[in-house]
Each structure stands twice: as structure tokens, then as C-alpha cells.
Enquirer: 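Let me begin by handing over the structure; questions about it come next.
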Amino acid sequence: MATWREALDNVRLGHVALDNNRRFTVVEFIGAYTNRFYNPPDPYSTLTVDVGTDAELNDDFLYFKNGNYFGIEYLGGNTLAMFAYIEGAEVVGNTQVSGKPCTFYATKGIRLTFDISYTLPGPPPSTITIPITVTKYSETFTYPDRQWIDQDYIMYTDYAAEGYNREYSYNYKPDFNYSLDEGAISFYGEYGYPNAQPIVDFLAGEESAPPAYPGDPSATGGGSGWYYATNDTIDIPNFPSIQAIDFGFSAIYNPSVSDMQSIARWLWSDDFEQNIKLNYTDPFNNIIVIAMVALDITSVPSYFRIGNVESEIAVPRVTRQYLELDCGSVNVGEYWAGFLDYDASYTIWLPFIGYRSIKPDDMVNGIIGVVYHIDLLTGSAVCFIWSRKKDGIKHVLYTYSCNIFYNVAFSGANFINMYNQQLSATVSGISNAVQSAGQLASGDIIGGITNLLTGSATAQRQYETAKPDYGRGGNSGGNSGLFSIRYPYLIQSLPIGQAPANYNKLHGIPSQIYSKLSDLTGYTEIDAINLDDIEASSAEKSELLNIMKSGFYL
Amino acid sequence: MNITFYHNNSDSRYSIKDLTELESTTGAFKQPFNILDPVLQLSKAIDPLEYNYVYIPEVTRYYFVASRPVYEAGYYNVTLHSDVISNFRSQYINLGAIIARQESKYNAYLKDSKLPVLNKQDINTIAFPRGFNNSDELIMVVNGG
């Protein structure tokens, strides 16, 4: 076995060139050695690597078309880093005579990482390159980019030698894989520099599977979840902490019809004109909105006041700007206690909003509640739909905004604005008439009908779910809301399963449990079982498994 | 070789058969022998129309009669088929398995593609206990106040 020094005799520094046909001998390969701190062991095994012709040189890196690379980088000073990457290489014989190739046989993707450090006495050359000759590759693989990871930089300074010696060790493990058929990979390069004594470590990596094309190779994963899902209460929020009516810029009154008549007379009275007309040409400019609401209003006795003028008309004044309307909750049980309950569709009617779809999983086998939060200053409201299941945790799962005012026009301009707003709301409501739930893809009906011809239950269910969903109405906010149903209600569309008599005895019902067969009776279909230990011929075992999978009786 | 003839009253998929024993005799397998689908050579004294199930102790197996008898001079041949689900019950009964479908131990929440579902739905409405009032109030929002 040659020493590492002898092995480097034919390694010289020079320019990297594909056509040089000079050979670079890597002097050390230490199997699964992964220690990046290089201390020259003795003896070394010698590895000579041939670099084939299927490669190209780019920025001092030689890239092989199948993804291997051999690179040289001059790092300045006395530093030269050389590295090669052959993933998954299995060295056959790790003791080589200097200058002779070492063969790698890769039955799948191979990985080999090595770094090279060397000691150079004296001042560095201005340029350092390594010639490389590629000899053989059996695959072509293209990487869009090269990436370097796990770069270590270790420097030893030994001033004991003549001049100065520095060792630099770099370990690059590029982040890509490639596949290579069985064959020989070798690098050849020439390295030479007066008194240069390069030291090379090979760090054999792990075998890896050939990469999928395109993209990264598949890998195992998953299966180690937390098995715990955080489930926090999401409750109805509180009202805003500030009421705009407390500013003094506006007030909300809750007049009766006769109060309104008195106010109207007062607004046009001489007293009003004398005190207000200096500020407004139209006293009705002081009225922001008159609306009807279908709510219980909390108010306190007061006299009607507009601007800075107080009348003698007793009109209750609203002191709470925000109101909550709790519509209560309903219990939505499981009709089938099976998968059909969750194939059902649910639509909820929400006053001043319209029909909305609700996902069965959100509420079936639990309770669902509806709460409105209302701003009496603007009529704006938010509807919260919450649910609570057996775990007792309350979740707000749906939120819709609306306006609950029936605006009363009190001037020509006011009426036109109100009418236009209501018209646009109605139009948008019409466009939403067909709810999103159950929208039919173009191919569904065709496939459903085709399958229906087979008469199978699967075909029937497919056709049922392929039925177009019909919208039940548009939006219902604003003025139209007061004409609509004023309480929420659920529309439950339950699929109707119809199992024939003795269905379970002839078909069985999906199980997916693991069980000893001795714990079961009656009709059974096996999904998976190991019959290796059954003392039967292979033909009998095969038939036994087929019968078990197609159904038999225990 | 001893042979016992039965009439099997059960579906072929039952691992425990309801058998009516008829008679026993001796016979021979026609060669070459196939343990899954052997061919019996039997005397014409055994009426092939009476039995549909056979037990052969020599191979410790029960067999279905798989084909009509083929008559030759003085005897007939009948093809048998191994009743694997019965023959190896004692060996597999204590094995564990992942069960796809079962008569009584099942999970109704799993989708059942075999279950017929009517092409119509049951429509129900569930009203919430409260809502907006049936009567209305007036609201007037003014400047100042």
C-alpha cells in the first residue's frame, strides 16, 4: 500500500481542462468516516477517481451530466479546496495503488463526499487549478442549480515547518441526489505544486434511492403527529368599548308614531326656525336616519333634542348603542349515526342576511346557535353562528355582516339614495341565488348517468350527489329584511339510505378494525392478513386469500 | 385410499359446513395428482348424483365436487376442488387481520359505497327559539342631542 505521500506523486496543480487527460488521484478513502477534523492517519487507502467525458466545466466546478461533480476552488493564500461528490458510492476495495482507479458500484443512488486539505509551504501561486478527466457515466441527469450545505471551515496553522504551512479542510455536501447504474466512477486529475503535500479525506455518505424524475426523490414521512389537536373556545366577541352616541355629536331616539308627528310639527315650528335656521337651511339636515327595527329597544325618558335645541316633546332616548340579539340554539342530532349524517346538506336562513350553507361536520351531533350584534347608530349588524359539540368547547364558525334598518325616507334626496342602495343589494342577492354548496361540475352529470346504467348502489349515490343544488333565495338585508322571516331556521336535507333486509349478512358493513378471526362471526371480508404460516400449497393459500377478501362466513 | 361422501347443505363460503354424511368407500386419485384440483377415480357403485362433497383423510382435506363425472369403463372420474376455507380454518382462525367489512363489528361512519341511497332527500326545517321581533320600533338618529 502506498503512503499518501507517494500516492500524490502524480498529482500536480494545473489548469482544469477536459481534454488534458491528466489524472488526479485522491489519496484517501475511509469508508464511512465522517470526522471532518482531519488529522493525517497512517496508512491511508488510496482512491483514484476517473472523471468521464460526460461533464462540463463551470466556474472551477466540473459538473457531470448525471449530477456528480468534482470541483476545485482556490480560496486564496495557500488554500486550495478540492471536492468530489458521488452519492451512494460503495467502494470495492479501498486500498489502491496510486494512480489506479477505484471502482464504485452503485445499485442505486450513491453518495460520496470528500474534502481535500493540503499543506503548501511558501507563498501561494497566483492561480491553482486541477485538471480532470471524466471517463465513464451511464446516466444523464440535469440539475437546475447546485447547492452547497454543511460547509465547514477548519484551519490549522503549523508554523513549525519551513516557511509556513496551513491546512484548510472543506467538506461540502451538496444538496442533490442522482442515480447511477452499476459501473465505475473515477476521477482523474493532476495536481502538482512544488513541495505541495495535499491530504484528502473521503467522507462516505449514505446510500439513497434514485431520484424521481422530475423533482426530489420520494421519501417516507409522516405518522408521528402530536395526536393532540388544540381546540380553543372561540366565543362571541364583546361590543366595542366606546359608544359614538356618548360623544355628543349624535343621539338615538326611540319615538313612537305620535312622537314622530310631534317632532315633525316642531321641526317646522317658528321656534325651530328662529334657533336653527342660522345653521341649516333645511332642519331635516339634522336628521341622520329614521328607521324601523324589529328589536326591543332600551331607552330612558328624555325630551327630543336636535342640534342644540331641545323641544318639549317627550321622546325616549336610547343610551345603549350596541345590542345583542341571542336567537338561541338548536340541537342537531345524528339521524343515522353514520356517514349519511355527514352527507346531508344544511342551509340556514338568517334574518337580514339570507340563506347560507353550513357544513354538517360543524354542528351535527352538537348544538348550533345564532347571535346578532347590532349597532343602533348605523343599523350595521354582525351575525355569529357558533357550535358546540360533546367536548363542550364553543366555536364561532361563521360570521356574516348585514344591516337591520328599514330606512324610512324623509326627503326626496334621501329616498333616491335609499332606493339605489336597496336596488344594488337586491341585484347582488339575485346573483348569489344559487348557493355555492353542491355546485355541479360539468362532467358530474354525464359520469353519474353513465354509472347509473350499471344500477349499482355506488352509481345511485353518485347520481344523487350530482344533482344540482338549487338556490333558495338571494340576500335579504336592509329594507327587504323586515318583510322576510324574522327568526333563523335550519333546512336539513337528509339522504335516505335504504339497505335491503339482511344487508349486513350478505354484504357486511365497512369495518376497518384489526381483529382476531376467532372474535368474529358471520359474514366477513378481509382487507389484509398474513397467511405465511398456513400449511397449505401456494395455490391453496392464494385461493384462501381470495375467498377471504371477497367474503366468507366465520 | 378412504373417501367419505357428503351432501353439503351450506353455501360454499361457510368455513363450517352443514354436512350430511352419505357413505364411505375406497378409491384412488388419478395421476398426476393436484392437491387443489385432484381427480378421483371411483367405482360406478357410488352414485355421483347423490354427493357434492368429499373428505379424504389421506390428505386431510375436504373437497367440493367440481365437475360432472366422466365415465370410463367400470369407473368414473370426478374432479374435486379443495375447500380451502374449511380445510385450514383451524390454522387461520386465530390469526389477526384487518377487516374490510363485517356483519356485526363495523364502523357506520365509514363510507359504504354498496349502500343504496334513494334519489330523494328528506327535507326538515328546524326553527331557532328566538329571532327579531314581530313588532317594530322606530329609531331616529339626529345630530347633537
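Per chain, numbering begins at 1; letters A, B, ... match sequence-line order. Keep in mind that what you see is a predicted model, and the values were worked out from it rather than measured.
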Enquirer: Could you report the tightest heavy-atom contact between A:I368 and B:F128, atom names first, then the distance?
Expert: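 Closest heavy-atom pair between A:I368 and B:F128: O-CE2, 3.3 Å.
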Enquirer: Give me the atom names and distance for the closest heavy-atom approach of B:G131 to A:P488.
Expert: CA-CD, 4.2 Å
Enquirer: Taking the side chain from A:Q492 and the backbone from B:I126, do they hold a donor-acceptor pair closer than 3.5 Å?
Expert: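 It does not hold such a pair.
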Enquirer: Heavy-atom cut-off 4.5 Å, strictly under: side chain, backbone, both or neither for A:T378 against chain B?
Expert: neither
Enquirer: Need one label for A:L545: side chain, backbone, both or neither, based on atoms under 4.5 Å from any heavy atom in chain B.
Expert: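 It is neither, since no heavy atom gets under 4.5 Å.
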Enquirer: Side chains of B:V117 and A:L340, heavy atoms from C-beta outward: is any pair under 4.5 Å?
Expert: yes
Enquirer: For residues 536-554 of chain A, which residue pairs pass the salt bridge (Lys or Arg N to Asp or Glu O under 4.0 Å) check, not counting sequence neighbours?
Expert: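 Every salt bridge (Lys or Arg N to Asp or Glu O under 4.0 Å) pair that includes a residue of residues 536-554 of chain A, provided the two are not neighbours, is A:E540-B:R61.
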Enquirer: Are A:N254 and B:E137 close enough, and set up right, to give a side-chain hydrogen bond (donor to acceptor under 3.5 Å, both in side chains), and what steps lead you there?
Expert: CA-CA 7 Å; A:N254 175 213; B:E137 296 282 336; 3.1 Å; yes
Enquirer: Between B:V141, B:V84, B:D136, which residue shows the highest count of heavy-atom pairs closer than 4.5 Å to chain A?
Expert: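 Of the candidates given, the most pairs with chain A belong to B:V141.
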Enquirer: Counting only non-hydrogen atoms closer than 4.5 Å, does A:L325 touch chain B with its backbone (N, CA, C, O), its side chain (CB onward), both, or neither?
Expert: side chain
Enquirer: Which value, rounded to the nearest 0.5 Å, describes the distance between A:S518 atom OG and B:N94 atom CG?
Expert: 5.0 Å
Enquirer: When heavy-atom pairs shorter than 4.5 Å are enumerated against chain A, which of B:A100, B:G96, B:A108, B:S82 gives the highest number?
Expert: B:A100
Enquirer: Is B:S135 close to chain A through its backbone or its side chain, or both, or neither, when contacts mean heavy atoms under 4.5 Å?
Expert: backbone
Enquirer: Could you check if a side-chain atom of A:L490 sits within less than 4.5 angstrom of a side-chain atom of B:T125, using non-hydrogen atoms only?
Expert: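 No - every pair of side-chain heavy atoms lies 4.5 Å or more apart.
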Enquirer: Where do B:L138 and A:P255 come nearest, in terms of heavy atoms and distance?
Expert: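 Residues B:L138 and A:P255, closest heavy atoms: CB-O, 3.3 Å.
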Enquirer: Restricting to salt bridge (charged side-chain N to carboxylate O under 4.0 Å, His left out), what partner residues turn up for B:R89, sequence neighbours left out?
Expert: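 If we apply the salt bridge (charged side-chain N to carboxylate O under 4.0 Å, His left out) test to B:R89, skipping adjacent residues, there are no hits.
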Enquirer: As an exercise, state the distance from OG of A:S515 to CG of B:L95, rounded to the nearest 0.5 Å.
Expert: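 It comes to 11.5 Å.
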Enquirer: Specify which of B:F132, B:Y106, B:F88 makes the most heavy-atom pairs with chain A at under 4.5 Å.
Expert: B:F132
Enquirer: OG of B:S15 to CG of A:L517: how many Å apart, nearest 0.5 Å?
Expert: 9.5 Å
Enquirer: So, for A:F405 and B:I139, which heavy atoms are closest and what is the spacing to 0.1 Å?
Expert: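 Looking at all heavy atoms of both residues, the shortest contact is CZ-CG2, 4.0 Å.
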Enquirer: Fit a plane to each ring of A:F552 and B:Y92, take the angle between them on a 0 to 90° scale, and name the class: parallel (under 30°), tilted (30 to 60°) or perpendicular (over 60°).
Expert: perpendicular
Enquirer: Verify whether one side chain among B:E103 and A:Y503 offers a donor that lies under 3.5 Å from an acceptor in the other.
Expert: no
Enquirer: Check B:K105 with A:E525, please: is the shortest side-chain N to carboxylate O separation under 4.0 Å?
Expert: no
Enquirer: Which pair of non-hydrogen atoms, one from B:I123 and one from A:S493, has the smallest distance, and what is that distance?
Expert: CD1-OG, 3.3 Å
Enquirer: For the CD atom of A:E535 and the OG atom of B:S90, what is their distance to the nearest 0.5 Å?
Expert: 9.5 Å
Enquirer: Mind checking the CD1-CG spacing from B:I99 to A:L520? Nearest 0.5 Å is all I need.
Expert: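 Rounded to the nearest 0.5 Å, the CD1-CG separation comes out at 5.0 Å.
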Enquirer: Between B:R130 (side chain only) and A:D326 (backbone N and O only), is there a donor and an acceptor less than 3.5 Å apart?
Expert: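 Side chain of B:R130 to backbone of A:D326, a donor-acceptor pair under 3.5 Å: yes, one is there.
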Enquirer: Looking at A:D343 and B:K111, is there a salt bridge between them, counting it only when a charged N and a carboxylate O are closer than 4.0 Å?
Expert: yes
Enquirer: Taking A:G508's backbone N and O only, do any of them form a donor-acceptor pair with B:R101's side chain (distance below 3.5 Å, no angle check)?
Expert: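 Side chain of B:R101 to backbone of A:G508, a donor-acceptor pair under 3.5 Å: yes, one is there.
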Enquirer: Could you tell me which non-hydrogen atom of B:N134 sits nearest to which non-hydrogen atom of A:R486, and how far apart they are?
Expert: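 Nearest heavy atoms, B:N134 then A:R486: O-NH1, 3.2 Å.
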Enquirer: Find the distance between CG (B:N133) and CG (A:D296) and round it off to the nearest 0.5 Å.
Expert: 4.0 Å
Enquirer: Check whether B:N143 reaches the backbone of A:I287 with its side chain - one donor and one acceptor, N or O, closer than 3.5 Å.
Expert: no
